[in-house]
Amino acid sequence: MCRYCDEPIPDPDDAVLVAHEGGNSGPGWNVWAHRVHADLVEPDPAAVRILARVLLVQAMRS
């Protein structure tokens, strides 16, 4: 499944690995997109928000 358009990717040569998402109770899974959509996939906004908070706290402590 393409992360950008939520459509199947029938041709393996058209699939591009864009990320890896960790699982809570397992190894996680790879995230794929069509070759033309690979540059359009954006990071998970929740993960970006959490990382920003962590970086702000670290910057304020130093």
> Is there a path of hydrophobic side-chain contacts, each under 4.5 Å between heavy atoms of I, L, V, M, F, W or Y residues, that connects Tyr4 with Val16?
Replying inline: yes
>> If hydrophobic clusters are built from ILVMFWY residues whose side chains come within less than 4.5 Å, do Val31 and Leu51 share one?
In response: no
> Can you name the nearest heavy-atom pair linking Pro8 to His34, along with the distance?
Replying inline: O-NE2, 3.3 Å
> Considering all heavy atoms of both residues, which atom of Pro27 and which atom of His20 are nearest to each other, and what is their separation?
Replying inline: O-NE2, 3.2 Å
> Linking I/L/V/M/F/W/Y whenever their side-chain heavy atoms sit closer than 4.5 Å, directly or via other members, would Trp29 and Val18 fall into one cluster?
Replying inline: yes
> Does CG in Asp39 sit with more than 12 non-hydrogen atoms of other residues, nucleotides or ligands closer than 6.0 Å?
Replying inline: no
> Are any side-chain N or O atoms of Arg3 and backbone N or O atoms of His37, one a donor and one an acceptor, separated by less than 3.5 Å?
Replying inline: no
> Val57 and Arg53: side chain to side chain contact (heavy atoms under 4.5 Å, CB included), yes or no, with the steps?
Replying inline: CA-CA 6 Å; Val57 168; Arg53 286 184 179 193; 5.6 Å; no
>> For Ala33 versus Cys2, what's the shortest heavy-atom pair and its separation?
In response: CA-SG, 3.7 Å
>> Is there a path of hydrophobic side-chain contacts, each under 4.5 Å between heavy atoms, that joins Leu17 and Ile9?
In response: yes
